[in-house]
Amino acid sequence: MHADKKSPRVRFAPSPTGYLHVGGARTALFNWLFARHTGGTLILRIEDTDFERSSDEMVAGILDGMRWLGMDWDEGPFYQSQRLDLYRSTADKLLASGHAYSCFCTKEELEQRRAAATASGQTPRYDGRCRKLTPEESARRLRAGEAAALRFAVPATGVTRFDDAVFGSVEFANEELEDFVLLRSDGIPTYHLSVVADDLDMGMTHIIRGADHISNTPKQVLQYQALGAPLPIFAHVPLILGPDKTRLSKRHGATSVTAYREMGIVPEAFRNFLGLLGWSPGAAGKTADGKDREIFSSDDLVQLFSLDGIARSNAVFDNDKLAWFNTEYIRAYPAERLLPLIEQEWRAAGFTPSRSTEENLRTIDLLKQRARSLKDFATAFLAYFGDAIPFDPAAIAKFLSDAAVRTLLVEMADRYAALAIFDEATTEQTLRAFAEKKGVKAGGLINGARVALTGQAVAPSLFAVMVCLGQSRVVQRLRNAASVPMPI
RNA sequence: GGCGCUAUCGUCUAGGGGUUAGGACGUGAGAUUCUCAAUCUUAAAACACGGGUUCGAUUCCCGUUAGCGCUACCA
């Protein structure tokens with residue numbers, strides 16, 4: 001390791017024109033993982049040069065989403081809107097060195113020409129007419145107060161190439177590139193300029209971003225060359241697609257990280273899932289018996305992450321697999337760790353538990369095996385934590401619609417009330433003895449009692465539920481069995 | 001349309017000139033029984049197509065097809 005070898009500097013540079021979506025979150029994650037793996041630095045930069053569409057609210061949401069996923073950053077957030085001087089001076093350098101020129105074409109003119117080109121089957125591309133203007137002519141018009149944008153003068157011939165850590169060598173013919181706008185006529189930089197100026201100024205060594213930027217890259221490479229700067233290492237990450245293999249969008253359902261939090265997804269589960277979308281640890285991710293590992297902690301991911309594990313093809317976002325990760329994490333986490341997350345769900349549902357924290361923890365441990373999401377604890381499982389029972393009509397119809405069963409349950413309540421010891425063994429003996437005496441099947445009573453006690457057809461072992469609920473609740477709920485509303 | 005990128009089970013992927021092409025999610029069947037889930041066992045399921053190169057291609061090359069991306073004074 002050479003002392004002068006720079007440690008990596010990477011950035012996540014979201015545009016605050018929307019919420020943090022899953023694609024952005026994954027890009028952030030890969031940058032974070034890379035920085036942490038290499039001991040590098042992660043810079044957060046807000047690309048808000050599109051004033052019309054950017055908002056502080058979106059910035060807050062993006063930062064929030066990152067934190068939720070357990071990511072932090074070392075520098076920033078920097079706002080491009082506050083770094084306009086840098087872009088102007090960079091633009092000046094480009095202008096001075098003859099790599100850029102003023103363009104006086106108006107937006108309307110350009111649109112017209114574009115439309116005409118398209119109509120006649122031509123590839124719409126800026127024709128470079130202002131590039132032919134003499135410096136004197138440009139200066140005169142500028143002095144006259146004419147509005148001008150600044151365009152980059154793309155070489156007419158040759159190719160622009162770069163090495164991508166994921167895709168390998170990529171090259172574009174310069175004649176395919178148009179003279180793109182660097183500075184808008186209002187003096188605000190476009191993305192093409194600001195991204196290069198900032199990446200250079202901030203000393204970025206690696207640019208890890210979505211593959212939708214591949215086509216933009218030659219425009220940036222040209223600027224690095226014009227500025228006499230060395231190229232960073234580009235690593236483009238394939239996109240995340242919806243189930244129909246088109247780019248993931250709202251019509252596929254939830255795309256914002258916030259939405260997944262609100263669905264009751266455990267953040268670590270989401271991060272695990274995201275980390276494996278478009279990246280895999282290869283042989284390092286095998287278990288001793290040759291199977292692929294699926295569960296990776298944050299530390300595991302940091303340790304294993306490398307750019308060459310990134311896939312080249314797009315990946316479909318699979319909700320089923322995410323749900324599986326979620327159940328795995330819920331099951332694996334101790335109740336203490338789940339409780340704060342569940343309390344959030346309760347707050348969101350306006351629910352206050354009527355039992356002690358200790359009881360809640362025990363109950364969570366009992367239920368987590370069956371939970372699909374954190375939401376379950378604030379919906380179907382509410383009967384365990386409070387006094388109201390969320391009766392599921394389907395459950396009643398299935399197991400508690402028989403009046404005879406209801407009557408038996410009420411009668412059985414007295415037996416439970418008389419119990420001196422209330423554990424799984426005695427509660428089970430009690431029920432089975434009662435069933436035998438009445439000449440009915442124990443199963444019918446068990447299923448009926450389950451619904452009477454929990455309101456649901458799905459629950460852990462009935463006797464574990466009884467112990468969890470406690471004697472007085474069990475007795476009370478059994479006595480109420482007859483008055484449980486019948487489904488229509 | 002032009003340019004670029006990509007192509008292994010339905011999905012996420014491993015692999016790589018000779019393999020029974022591996023795993024995971026999901027799906028089917030069975031076991032279990034106190035519901036459901038879990039669990040265990042088990043089954044079905046892939047190298048897009050066509051040419052090369054090679055003793056031998058899923059793997060390397062070319063083409064086709066398909067998908068995706070870019071094609072703004074958005075980022």
Side-chain angles (χ1 to χ4, degrees), chain A residues 13-18 47-50 52-54 80 103 105-107 110-111 114 118 121-126 147-151 164 166-168 170-173 175-178 180-186 188-192 194-195 210-218 236 238-239 241 243 245-247 273 276-283 285-287 289-295 311-325 327 331 369-372 395 398-399 428 431 441-447 449-451 454 456-463:
Chain A
S15 176
T17 53
E47 308 217 325
D48 57 350
T49 52
D50 184 349
E52 322 255 290
R53 301 194 300 145
S54 299
Q80 290 194 323
C103 172
C105 302
T106 66
K107 211 168 176 173
L110 293 169
E111 256 159 43
R114 194 175 306 120
T118 308
Q122 304 292 303
T123 302
R125 195 175 294 155
Y126 180 63
L150 190 72
R151 283 184 188 270
D164 191 285
V166 175
F167 290 96
V170 182
E171 63 176 53
F172 292 78
E175 58 183 341
E176 298 296 337
L177 272 24
E178 68 175 350
F180 51 95
V181 171
L182 257 12
L183 233 37
R184 301 185 258 225
S185 49
D186 60 3
I188 304 301
T190 62
Y191 166 74
H192 298 301
S194 58
V195 73
D212 48 343
H213 284 292
I214 288 180
S215 302
N216 290 327
T217 308
H236 287 97
L239 303 178
L241 272 24
K245 304 219 177 181
T246 62
R247 192 180 191 156
F273 170 70
L276 259 18
L277 253 196
W279 176 81
S280 75
K286 298 272 187 204
T287 57
D289 58 347
K291 299 190 173 191
D292 292 337
R293 284 177 63 192
E294 301 288 333
I295 304 296
R312 275 174 296 276
S313 48
N314 296 340
V316 173
F317 189 95
D318 182 358
N319 274 300
D320 284 338
K321 189 141 189 183
L322 171 59
W324 176 79
F325 274 111
T327 58
R331 265 181 228 142
Q369 181 78 3
R370 260 155 255 262
R372 297 288 294 167
K398 193 172 176 191
F399 293 126
E428 177 157 9
L431 186 139
K441 281 197 170 158
L445 250 31
I446 288 172
N447 290 331
R450 171 175 293 108
V451 179
T454 70
Q456 307 293 313
V458 175
S461 158
L462 178 69
F463 306 105

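Chain letters run A, B, ... following the sequence lines, proteins first, then strands; residues in each count from 1.
A:F399 comes within 4.0 angstrom of sugar-phosphate atoms only, judged by non-hydrogen atoms across all strands, and of no base. In this structure, A:Q122 reaches neither bases nor backbone, as no heavy-atom distance under 4.0 Å exists between it and the strands shown.
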Nucleic acid footprint by protein, nucleotides 70-75 of chain B - heavy-atom cut-off 4.0 Å, B for base, S for sugar-phosphate alone: S-SBBB
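If you check B:U33 for Watson-Crick or wobble pairing at under 3.5 angstrom, you find it has no partner at all. Nucleotide B:G1 forms a pair with B:U71, judged by Watson-Crick or G-U wobble geometry with both contacts under 3.5 Å. B:A38 is unpaired under the criterion used here, namely a Watson-Crick or G-U wobble arrangement in which both key atom distances are under 3.5 Å. Across all strands shown, B:A44 has no partner, as no Watson-Crick or G-U wobble contact with both distances under 3.5 Å is found. If you check B:C55 for Watson-Crick or wobble pairing at under 3.5 angstrom, you find it paired to B:G18. Across all strands shown, B:U65 is found opposite B:A7 as a Watson-Crick or G-U wobble partner, with both distances under 3.5 Å. Checking B:G26 for Watson-Crick or G-U wobble geometry (two distances, each under 3.5 Å) identifies no partner in any strand.
Nearest nucleotide to the side chain of A:A311, out of B:U13, B:C34, B:U35: B:U13.
Qualifying side chain to side chain contact (heavy atoms under 4.5 Å, CB included) partners for A:E111, counting only residues two or more places apart in sequence or in other chains: A:K107, A:R114. Considering only residues two or more places apart in sequence or on other chains, A:F463 meets the ring-ring contact (aromatic ring centres under 6.0 Å, His included) condition with none of them. Applying the side chain to side chain contact (heavy atoms under 4.5 Å, CB included) criterion to A:A459, with sequence neighbours excluded, gives A:Y384, A:R450, A:T454, A:V465.
If you find the closest nucleotide of RNA chain B to A:A211 and to A:L322, the one lying nearer the 5' end belongs to A:L322. For the pair A:R125 and A:D320, both in contact range of RNA chain B, the more 5′-proximal nearest nucleotide belongs to A:R125.
For the residue pair A:A211 and A:L239, the shortest heavy atom distance occurs at N-CD2, 3.9 Å.
At least one side-chain heavy atom of A:I214 sits under 4.5 Å from a side-chain heavy atom of A:F172. Looking only at side-chain heavy atoms (C-beta outward), A:H192 and A:V181 stay at 4.5 Å or farther from each other.
In this structure, A:Y126 has its ring center no closer than 6.0 Å to that of A:F180.
Around atom CZ of A:R312, no more than 12 heavy atoms belonging to other residues, nucleotides or ligands sit under 6.0 Å away.
Between the side chain of A:D48 and the backbone N or O of A:Q80, at least one donor-acceptor pair lies under 3.5 Å.
The pair A:E294-A:K321 counts as a salt bridge, with a side-chain nitrogen and a carboxylate oxygen less than 4.0 angstrom apart.
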Report, one pair per line, the protein and nucleotides 37-48 of chain B atoms (nitrogen or oxygen only) whose separation is under 3.5 Å.
residue : atom : partner : partner atom : Å
B:A38   : O2'  : A:Q369  : NE2          : 2.6

Name the pairs: protein N/O against N/O of nucleotides 7-12 of chain B, kept only if under 3.5 Å.
residue : atom : partner : partner atom : Å
B:U11   : OP1  : A:K245  : NZ           : 2.6
B:C12   : OP1  : A:V316  : N            : 2.9
B:C12   : O2'  : A:L276  : O            : 3.2

CA sep, side-chain torsions, deciding dist, call: A:H213, A:V195, side-chain contact (heavy atoms from CB on, under 4.5 Å): CA-CA 12 Å; A:H213 284 292; A:V195 73; over 6 Å; no
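Per the geometry, CG belonging to A:L239 stands 15 Å off P belonging to B:C5, to the nearest Å. Following rounding to the nearest Å, A:K398 (NZ) and B:C34 (P) show an atom-to-atom distance of 14 Å.
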